[in-house]
Amino acid sequence: MKIIEVESYEKLSLLAADMIASQVLFKPDCVLGLATGSSPLGTYENLASRCGEGRLDFSRVRTVNLDEYCGLTAENPQSYRYFMDQNLFGRVNIDPANTHLPDGSASDMEAECARYESLVESLGWPDLQLLGIGHNGHIGFNEPAEDFPARVHTVQLAESTIKANSRLFDRVEDVPTMAVTMGIGTIMKARRVLLIAGADKREIVERAFHGPVTPQVPGSILQLHPDATVIFTRS
Ligand code: F6R
């Protein structure tokens, strides 16, 4: 695994956007695995600017997102679909039909998990998967556990995750307690993985990428991925 330290969040975002843009240039109909949250905001901003200036073409790109809250419809401003539309999809020339997230409002979540896993497989798995990491080491919404989950599944969010994500809700009680997420097995099938981590993630970056591989720190599995890059900053 390649671990790259940069001096600022701006540099991190620029470098991550460079990697994604080169993937799109190399394979214009590539499948990008995408993440939500604070970490990729600068990366998405960079990609949107490049696209606006005509330097990047998303017209043939397909995307699959990692996860979605259960119980929120696409129109809900707290949903990850809404986040992606606002921060990336609505700002680049991507065909909305080529953008995919799990449907957190599906009435049969078991069927939805199976549908989403098959969809990602039918697209040939991501050429490049972008990830953030939680303070507890989660990637996607794969929380610390006894085993690494293989496939798309629903998950009970950890108390610490609910607390961390409550910054984006009016009240902590409004944060959904369940989510649907790609499994660790799904994520590991991506040809390349890029994890970005800002200064607030110093401690977990150390534990996940310089410590033992364990499902108690789900992100640590990336040490075993054949093509994983971590870009992080301490400031
Ligand atoms: C989001 C996701 C999560 C976040 C992680 C870090 O789609 O899968 O694993 O990447 O919670 O979130 P931020 O970037 O907000 O610190």
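Both ligands and their constituent atoms are indexed starting at 1 by order of listing.
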What's the verdict on salt bridge (Lys or Arg N to Asp or Glu O under 4.0 Å) for D18 and K11, showing C-alpha distance, side-chain angles and the deciding distance?
-> CA-CA 10 Å; D18 281 346; K11 280 270 164 62; over 6 Å; no
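Looking only at heavy atoms of the protein, atom 1 (C) of ligand 1 is closest to T36 OG1, 3.2 Å. At the shortest separation from atom 6 (C) of ligand 1 among protein heavy atoms lies I133 O, 3.4 Å. When only non-hydrogen protein atoms are considered, atom 8 (O) of ligand 1 lies nearest to D67 OD2, 2.6 Å. Protein heavy atom in closest approach to atom 10 (O) of ligand 1: G132 CA, 3.3 Å.
E112 places a side-chain N or O within 3.5 Å of a backbone atom of D103 that can act as its donor or acceptor partner. Between the side chain of Y9 and the main chain of G42, a donor-acceptor pair closer than 3.5 Å is present. Side chain of S220 to backbone of T214: a donor-acceptor contact under 3.5 angstrom is found.
Annotation: H138 places an N or O atom under 3.5 Å from an N or O atom of ligand 1; distance criterion only. In terms of polar-atom proximity, S38 is counted as a contact of ligand 1, with an N or O under 3.5 Å from an N or O of the ligand.
H135 does not count as a contact of ligand 1, since none of its heavy atoms falls under 4.0 Å from the ligand. Distances from ligand 1 to the non-hydrogen atoms of R167 include at least one value under 4.0 Å.
The number of heavy atoms from other shown groups lying within 6.0 Å of CD (E173) is above 12.
Defined by atom type and a distance below 3.5 Å, a donor-acceptor pair is missing between the side-chain atoms of Y69 and N76.
Listed by number with element, the atoms of ligand 1 under 4.0 angstrom from any heavy atom of L66 are 8 (O). Those atoms of ligand 1 with a heavy atom of K201 less than 4.0 angstrom away are 6 (C), 13 (P), 16 (O).
Grouping the Ile, Leu, Val, Met, Phe, Trp and Tyr side chains by contacts below 4.5 angstrom, directly or via other members, places V61 apart from V64.
Of all the heavy atoms in A190 and Q129, the pair that sits closest is CB-CB, 3.6 Å.
Nearest residue to atom 9 (O) of ligand 1 from G37, G140, A164, G134 is G140 (criterion: closest heavy atom). For atom 14 (O) of ligand 1, the candidate residues are S39, A35, P40; the nearest heavy-atom contact is made by S39.
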